[in-house]
Asker: 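Before anything else, here's the structure in question.
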Amino acid sequence: MPKKYTPIDEDGNDIEPPIKKKKSAKSPQKKPESIDDILKRFSNTFIPQEESIREYSNDSHYTQPIQTDDEKERISALKKIITKLERRYLNSKKEDNQKLSTLEKKYAKLLNPAQLQAAITVDGPLLVVAGAGSGKTRTLVHRAAYMLERGINAKNILLLTFTRRASKEIQLRVNQLIGSEKADALTAGTFHGIANAILRRQHTLLDISPSFTIADKPDSADIIRLIRHRIKIEKKGPILKNSKIVDIFSRSRNLEISVEKTTERIQPEYLVYAEELQQLFTLFTEYKSEHNIMDYDDLLSEFQRHLEENRLFCSQMQKQFQYIMVDEFQDTNIIQKRIVNTLAAKHKNIMVVGDDAQSIYAFRGAVFENILTFPEQWKECTLIKIEQNYRSQPAIIELTNTILNAASIGYHKKLFSDKKIGDSPKLIKASSAGDEASRVVNMIEKELETIKPKDIAVLYRSGYHSTHIQTELLRRAIPFVVYGGITFTERRHIKDVISFFKIVANKRDIVAWNRLLMLLPGIGPVTARKILNAIQSGNGEALRPFFAAKQGDYLLAFIEAVTTATRPGLSLKDMCEIIFAYYIPLLSEIETDVSDRLKDLEILREISAKYRSVNSFVSDFTLDAPQKMRNNSPVSDRQIEETITLSTVHSAKGLEWHTVFVPHLLDGMFPSNRALKNFSNLEEERRLFYVACSRAKERLFLSYPATHFFGGRASGIPSRFLHEIDSLL
DNA sequence: TAAGTGTGCGTTTTT
DNA sequence: CGCACACTTA
């Protein structure tokens, strides 16, 4: 068996010199090391590294994961569905001599025949399978415009998108097409955004509190942190990480399978804690409802639950949304599909668009079967395929088609393009991650001679893959924006201030209270809990003893700020003043590098000024975090023109660039280590690779380093996906 | 009981 | 590199 890991690279890496810690020599080890451990450490340190760049021509490196019986079954079932779909598609292909109305003729000039059909087929269920770059958004935009022009009331149209960015773009383009008065009344947004808005607006009918706050993932992890001590958790295996627990819970709900099953599937090391996890899940659920908190999954499932249980509400919704369009349908999960089905049940004017080859959100419960089985659900549905690609030049299309052909299933689309053939995709081999970064940036500089910064993107598998490239770009003073990874919202001081707003919005948001209390010097978990008990007791006097304690002045200042900020009639601007006046001095006390953070807070002030209610500010902020960052702060649209884009592949979905770089194509990085042993996960990684490459219009550069630091070890095997497209590079 | 230090461990992807 | 936990110190 070939050696899987090469030892630590000690030379030539100017970015991240590996400093070998000698901790074991200093601190006495309690348990004696096993011979295996010692040997492992020895070989990591002293066995000379392999310096040559590996070639991918030899596929003995790659062990294909074994398909489980379930997977085999699923695939053969899907294949049957696809064959049926294909047959049905061929039968339904109409002769194109239908007579067009004047209005339709207008749209015929703007769209190709398939797009036109998709746009003017307004009544009844409709499935549009659209390949990458085939003008999916264009079709949606024109369809909405066509409907409005045909006299359908904008209020009766619901457009569900995957990201806020997509919904904003569609709305903007509809505006440009037919003017804003009509288009503005259209309901467009993400599933989560719409669920949030409707739950708040209809709170009386639904009998819920409209002041609930929304917990993002770190917030949920905080809740777990607060409640995990209520049950005894003996150390039986690996440490239970709060954020992983949250992942398990969320996935369990998205897939609608038990916590234990989910654990087995995504975090089998935690199976020893199955019982504890189940208990925690119950506590977690109770905690959220007690404190008027909803997480992302609650927004969807509560919405769906009310639709099911409240007939009045349901019929109101069905009456309002007579025409429904869903973008990126391949990435919907069971609950989202159910919501759509319920909403469309009465009028049946439901149109879904998607591409099964771009389904990359299985980790969030997405089932691309949703798109393939749509015609089974809606028997009378019309089926349209849009296959012409307007984005990429033929050499790139050939490559992306090849990637798809390696996939085991899929509703195969033969994308084709009229564009003239351009440069073939290039492969860059580097000796180390630092070397890779500098080669990539060399190419970027070369590209910049002919194209604009905003036409270039670097797309990688995981957030932390961007660090080397970032360092290199910073060094050469090339401005860039980072999408994905650590967002603005997750920065500590932003979370603090938002927590303050959350308290104002929802007094019961104990997570927010706790966070702010723990910030105070002299207050730790125990005191914080006591204070919280006092606050929740509903008796103000109970707080008095804490003011008298040695760090009481801090607490007093905090409580005073809270009461001032909660006074009725304050604008968000006033509130910001009060909060900052309290928080900034405190921040300077506990942090050293305040100036950067103050800039962030200024941005926060600007954003908040646009809102009139605390609730909408806080929920929008959680659902639609500003994530464009440059030197760690959001940038204006103007600056974006001058910057190149660094993004995770996931965040790059639906976007396109003249030139695209896909670095770190090592087995274990892309495809990710986690996916190597599981057949379906590996298939999803391949689709992800497909999404990455199909973002490129003219030029595509793939690259990999010989080694990459990876928890002290380095993997040096080129990605198996490169092997699959070998001949095209 | 808060807060600081050390250490071991495991690194997706997002609304 | 960040975190959960163990242990120490004040």
Side-chain angles (χ1 to χ4, degrees), chain A residues 16 21 23-24 26-31 37 160-167 189-196 214-218 221 224-225 228 233 235 237-245 247 250-251 254 266-267 269 294-300 328 331-333 335-336 360-366 459-465 467 483-487 489-490 518 520-530 549-551 590 619 622-625 627 647-653 664 668-676 681 684-685 687-688 691-692 709-713:
Chain A
E16 201 182 339
K21 291 178 193 159
K23 273 167 195 160
S24 49
K26 254 197 292 189
S27 56
Q29 207 82 15
K30 261 171 294 163
K31 61 167 190 215
D37 287 343
L160 289 162
T161 55
F162 196 68
T163 59
R164 284 256 180 150
R165 192 166 57 192
S167 82
T190 62
F191 276 91
H192 295 88
I194 298 222
N196 172 49
I214 300 169
D216 60 10
K217 199 183 136 185
I224 305 287
R225 195 195 323 279
R228 63 184 287 162
I233 302 176
K235 196 170 167 192
I239 296 163
L240 282 173
K241 281 198 168 181
N242 296 330
S243 66
K244 292 218 158 154
I245 299 176
D247 284 341
S250 171
R251 188 90 83 97
N254 280 308
I266 68 169
Q267 207 58 223
E269 320 83 85
M294 295 221 206
D295 61 22
Y296 290 127
D297 305 319
D298 292 326
L299 287 174
L300 296 184
E328 309 276 14
D331 281 323
T332 51
N333 64 27
I335 303 168
Q336 290 167 325
I360 53 176
Y361 279 91
F363 70 90
R364 220 171 85 181
L459 307 179
Y460 36 84
R461 172 68 244 258
S462 319
Y464 71 95
H465 290 181
T467 48
Y483 283 88
I486 319 125
T487 56
T489 4
E490 280 159 38
M518 296 271 283
L520 304 176
I523 296 181
V526 177
T527 317
R529 197 168 353 133
K530 285 181 189 162
K550 44 182 168 166
Q551 308 285 6
I590 48 186
S619 55
T622 333
L623 290 175
D624 183 24
Q627 52 176 208
S647 171
T648 58
V649 182
H650 284 89
S651 298
K653 191 166 183 185
H664 297 111
M669 308 206 76
F670 201 164
S672 135
N673 242 337
R674 297 298 214 101
L676 291 181
N681 292 355
E684 176 149 317
E685 296 283 311
R687 292 193 294 270
L688 195 58
V691 170
F709 296 109
F710 199 51
R713 295 176 296 192

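Letters go in sequence order (proteins before strands), and every chain restarts at 1.
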Asker: Less than 4.0 angstrom between a side-chain N/O of Thr527(A) and OP1 or OP2 of dA2(B), yes or no?
Answerer: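 So the side-chain polar atoms of Thr527(A) do come within 4.0 Å of the phosphate oxygens OP1 or OP2 of dA2(B), strictly under.
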Asker: So, does Arg674(A) get its side chain near the phosphate of dT11(B), meaning an N or O under 4.0 Å from OP1 or OP2?
Answerer: yes
Asker: Kindly indicate whether the side chain of Pro671(A), heavy atoms from C-beta on, has any atom under 4.5 Å from the side chain of Leu676(A).
Answerer: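 Counting from C-beta outward, Pro671(A) and Leu676(A) do come under 4.5 Å.
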Asker: Just compare dT11(B), dT13(B), dT14(B) and give me whichever is closest to any side-chain atom of Ser651(A).
Answerer: dT14(B)
Asker: Describe the nucleic acid contact of Tyr361(A) in one word from base, sugar-phosphate, nothing, applying a heavy-atom distance below 4.0 Å.
Answerer: sugar-phosphate
Asker: Starting from C1' on dT15(B), measure out to CD1 on Ile194(A) and report it in whole angstrom.
Answerer: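 In whole Å, dT15(B) C1' lies 13 Å from Ile194(A) CD1.
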Asker: If the condition is side-chain hydrogen bond (donor to acceptor under 3.5 Å, both in side chains), which residues does Ser647(A) pass it with, not counting sequence neighbours?
Answerer: none
Asker: Starting from the 5' end of DNA chain B, give me the residue, Glu685(A) or Gly524(A), whose nearest nucleotide shows up first.
Answerer: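 Upstream on the strand: Gly524(A).
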Asker: Would you say the side chains of Arg674(A) and Asn681(A) form a donor-acceptor pair under 3.5 Å?
Answerer: no
Asker: If you only use heavy atoms from C-beta on, which nucleotide in dT13(B), dT15(B), dT11(B) is closest to the side chain of His650(A)?
Answerer: dT13(B)
Asker: Under the ring pair (Phe, Tyr, Trp, His ring centres under 6.0 Å) test, which residues partner Tyr361(A), sequence neighbours left out?
Answerer: Phe162(A), Phe363(A), His650(A)
Asker: Could you please name the option among dA3(B), dG10(B), dT13(B) that lies closest to any side-chain atom of Pro521(A)?
Answerer: dA3(B)
Asker: Report the residues that fulfil side chain to side chain contact (heavy atoms under 4.5 Å, CB included) with Pro525(A), sequence neighbours left out, ordered by chain and then residue number.
Answerer: Met518(A)
Asker: Roughly, in whole Å, what's the span from CD1 in Ile266(A) to P in dT11(B)?
Answerer: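 Taking CD1 of Ile266(A) and P of dT11(B), I get 11 Å after rounding.
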Asker: If I take atom CG in residue Asp216(A) and atom C1' in nucleotide dT15(B), what distance separates them, rounded to the nearest angstrom?
Answerer: 10 Å
Asker: What is the distance, rounded to the nearest whole Å, between atom NE2 of His192(A) and atom C1' of dT15(B)?
Answerer: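 Checked: the NE2 to C1' distance equals 4 Å.
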Asker: Return the set of residues passing side-chain hydrogen bond (donor to acceptor under 3.5 Å, both in side chains) with Asn254(A) (not counting sequence neighbours), or none when no residue passes.
Answerer: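 Partners of Asn254(A) under the side-chain hydrogen bond (donor to acceptor under 3.5 Å, both in side chains) test: Ser250(A), Asp297(A), Asn333(A).
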Asker: How do Leu520(A) and Phe162(A) order along DNA chain B: which one's closest nucleotide is nearer the 5' end?
Answerer: Leu520(A)
Asker: Which whole-number value in Å describes the distance from Phe670(A) CZ to dT13(B) C1'?
Answerer: 10 Å
Asker: Please work out if Ile523(A) contacts a base, only the sugar-phosphate, or nothing of the nucleic acid, heavy-atom cut-off 4.0 Å.
Answerer: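 Sugar-phosphate only.
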Asker: Starting at NZ of Lys244(A) and ending at P of dT11(B), how long is that distance when rounded to a whole Å?
Answerer: 3 Å
Asker: Counting just side-chain N and O atoms, does Thr648(A) come under 4.0 Å of either OP1 or OP2 of dT12(B)?
Answerer: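 Answer no for this pair, as no side-chain N or O of Thr648(A) is under 4.0 Å from OP1 or OP2.
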Asker: Separation of His465(A) atom NE2 from dT12(B) atom P, in whole Å?
Answerer: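 About 10 Å, once rounded to whole Å.
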Asker: If we only count heavy atoms from C-beta on, is the Tyr296(A) to His192(A) side-chain gap below 4.5 Å?
Answerer: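 Counting from C-beta outward, Tyr296(A) and His192(A) do come under 4.5 Å.
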Asker: Of the nucleotides dT13(B), dA2(B), dG10(B), which has the atom closest to the Pro525(A) side chain?
Answerer: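 Nucleotide nearest to Pro525(A)'s side chain: dA2(B).
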Asker: Tell me whether Tyr464(A) is stacked on the nucleobase of dT11(B), counting only the six-membered base ring and applying the 5.5 Å and 30° thresholds.
Answerer: no
Asker: Any N/O pairs under 3.5 Å between the protein and nucleotides 2-5 of chain C? List them or say none.
Answerer:
{"unit_1": "dA4(C)", "atom_1": "OP2", "unit_2": "Arg225(A)", "atom_2": "NH1", "d": "2.6"}
{"unit_1": "dA4(C)", "atom_1": "OP2", "unit_2": "Asn242(A)", "atom_2": "ND2", "d": "3.1"}
{"unit_1": "dC5(C)", "atom_1": "OP1", "unit_2": "Arg228(A)", "atom_2": "NH2", "d": "2.7"}

Asker: Would you kindly give the CZ-to-C1' distance between Phe363(A) and dT13(B), to the nearest whole Å?
Answerer: 4 Å
Asker: Quick one: which of dT12(B), dT15(B), dT1(B) gets closest to the side chain of Val526(A)?
Answerer: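 Nearest to the side chain of Val526(A) among the choices is dT1(B).
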Asker: Among all residues two or more places apart in sequence or in another chain, which pass the salt bridge (Lys or Arg N to Asp or Glu O under 4.0 Å) test with Arg364(A)?
Answerer: none
Asker: Within less than 4.0 Å of OP1 or OP2 of dT13(B), is there a side-chain N or O belonging to Ser672(A)?
Answerer: no
